[in-house]
Every structure is written in C-alpha cells, then in structure tokens.
Amino acid sequence: QAQLVESGGGLVQPGGSLRLSCVASGFTLDYYAIGWFRQAPGKEREGVSCSSGSFTWYTKSVSGRFTFSRDNAKKTAYLQMNSLKPEDTGVYYCAAGPRGTTSVEDMCRKTADTFFGSWGQGTQVTVSS
C-alpha cells in the first residue's frame with residue numbers, strides 16, 4: 001500500500017528556512033510525479049510545487065525561494081524553503097501519482113485531486129516572529 005509521510009515542519013521566523021521531507025513506501029518513487037501542496041487556515045488548498053521527470057513547476061509566490069528535489073534511492077522528496085514569509089504558513093502535504101502526460105503545472109493547479117492518488121498526512125509550517 002502506497003504511503004507518504006511528511007516531516008520537517010515547525011515554527012520559524014520570517015526570513016528563515018525549513019526543509020520538508022516526504023518519505024514514500026509501498027511504491028517506486030522513480031516512476032511517480034510528486035507534488036507539494038499547502039493549506040492555510042480558512043483558505044483553499046494550493047499547489048506549491050510539482051515535479052515529474054526533469055520538469056518542475058512552482059507557484060509564482062514561492063518561485064526563487066523554494067526548491068524541489070528528490071532522492072529516489074532514499075524514496076524521499078524534499079522541499080527546501082528559504083526566505084520564508086508569514087504568508088507561507090499552513091499545513092504542507094506531499095502527494096504522489098504515476099507519471100504520465102499531464103503537465104507539472106496542470107497536476108499542481110488543475111487536476112491534483114484526480115492525478116494524485118496518494119497523500120501524506122501533512123506537516124505544519126508556521127512563519128511568525
């Protein structure tokens with residue numbers, strides 16, 4: 001059974017950094033697209049970054065500050081978050097779906113619920129002074 005477990009969240013001051021990890025089990029990470037999503041209190045879930053093969057997409061508000069990476073041998077995907085802002089606060093989720101023809105932007109922005117079949121439980125990120 002495919003499972004994803006996120007970690008690395010916490011409380012950080014504005015301008016600080018965090019690295020989130022997403023450990024996969026029950027499937028081979030190499031053949032899967034990975035997405036990072038977040039949900040702030042009172043707001044809809046938002047696609048932050050999605051990656052499949054050599055393609056990676058970032059939402060505009062995090063572009064240049066966040067970096068997606070993965071280590072297939074460790075079955076782990078990462079989201080390095082730098083220059084954090086209070087508006088980055090939320091619960092961050094990773095998700096996995098079999099690689100196909102869906103663009104990384106579409107899987108993050110339009111078709112997340114149908115494309116990603118596996119979701120983690122989320123990790124809280126709070127950016128506050």
Side-chain angles (χ1 to χ4, degrees):
Q1 183 178 358
Q3 286 190 331
L4 300 169
V5 178
E6 304 97 334
S7 63
L11 173 65
V12 64
Q13 291 186 343
S17 298
L18 286 173
R19 188 177 79 158
L20 304 184
S21 298
C22 172
V23 179
S25 61
F27 62 97
T28 303
L29 194 61
D30 312 43
Y31 306 124
Y32 279 72
I34 298 293
W36 284 99
F37 298 82
R38 66 187 179 189
Q39 188 164 22
K43 294 188 176 181
E44 291 188 353
R45 187 189 64 204
E46 173 189 27
V48 176
S49 178
C50 288
S51 182
S52 180
S54 60
F55 300 96
T56 302
W57 176 88
Y58 300 94
T59 192
K60 186 176 181 180
S61 64
V62 309
S63 184
R65 299 188 295 122
F66 290 13
T67 303
F68 177 98
S69 64
R70 68 164 77 193
D71 185 333
N72 289 333
K74 294 184 178 180
K75 291 190 171 184
T76 303
Y78 304 95
L79 186 68
Q80 177 66 44
M81 306 187 297
N82 298 330
S83 301
L84 283 162
K85 303 176 181 180
E87 51 264 43
D88 295 319
T89 294
V91 179
Y92 282 69
Y93 301 88
C94 67
R99 290 168 57 181
T101 58
T102 304
S103 75
V104 286
E105 180 174 358
D106 280 353
M107 67 178 68
C108 243
R109 295 183 60 199
K110 299 178 181 178
T111 61
D113 287 334
T114 55
F115 181 84
F116 292 104
S118 300
W119 293 79
Q121 83 290 348
T123 185
Q124 176 71 45
V125 172
T126 303
V127 185
S128 174
S129 55

If two hydrophobic side chains count as joined below 4.5 Å and joins carry through other members, does [X] share a cluster with [Y]?
X     : Y      : value
Val91 : Val5   : no
Tyr58 : Val104 : no
Trp57 : Leu79  : no
Phe37 : Val127 : no

Could you check whether any side-chain heavy atom of [X] comes within less than 4.5 Å of a side-chain heavy atom of [Y], counting everything from C-beta outward?
X      : Y     : result
Val125 : Met81 : yes
Ser61  : Glu87 : no
Phe27  : Leu4  : yes

Any chance you could measure [X], atom [atom1], to [Y], atom [atom2], to the nearest 0.5 Å?
X      : Y     : atom1 : atom2 : value
Glu46  : Tyr93 : CD    : OH    : 13.5 Å
Phe66  : Leu20 : CZ    : CG    : 8.0 Å
Tyr78  : Ser7  : OH    : OG    : 9.0 Å
Ser49  : Phe68 : OG    : CZ    : 6.0 Å
Asp71  : Thr76 : CG    : OG1   : 6.5 Å
Trp119 : Arg45 : CH2   : CZ    : 3.5 Å

Atom of [X], atom of [Y] and distance for their closest heavy-atom approach:
X      : Y      : value
Ala77  : Ile34  : CB-CG2, 3.9 Å
Met107 : Cys50  : CG-CB, 3.8 Å
Leu84  : Arg65  : CA-NH1, 3.8 Å
Ala33  : Phe116 : O-CE2, 3.8 Å
Pro14  : Ser128 : CD-C, 3.6 Å
Val62  : Asp88  : CG1-OD1, 4.4 Å

Problem set entry | Under the salt bridge (Lys or Arg N to Asp or Glu O under 4.0 Å) test, residues paired with Asp106 that sit two or more places apart | Lys110

Exercise. Who are the salt bridge (Lys or Arg N to Asp or Glu O under 4.0 Å) partners of Glu105, not counting sequence neighbours?
Worked result: Arg109

Problem set entry | Glu6 (side chain) donor-acceptor with Cys94 (main chain) under 3.5 angstrom | yes

Exercise. So, the side chain of Thr123 versus the backbone of Gly9: is there a donor-acceptor pair under 3.5 Å, distance only?
Worked result: yes

For this session: Might you work through the side chain to side chain contact (heavy atoms under 4.5 Å, CB included) test for Leu11 and Gln124, ending with a clear yes or no?
Result: CA-CA 8 Å; Leu11 173 65; Gln124 176 71 45; over 6 Å; no

Seminar exercise, completed: Quick note, side chain to side chain donor-acceptor pair (under 3.5 Å) partners involving residues 8-37, not counting sequence neighbours, are Ser17-Asn82

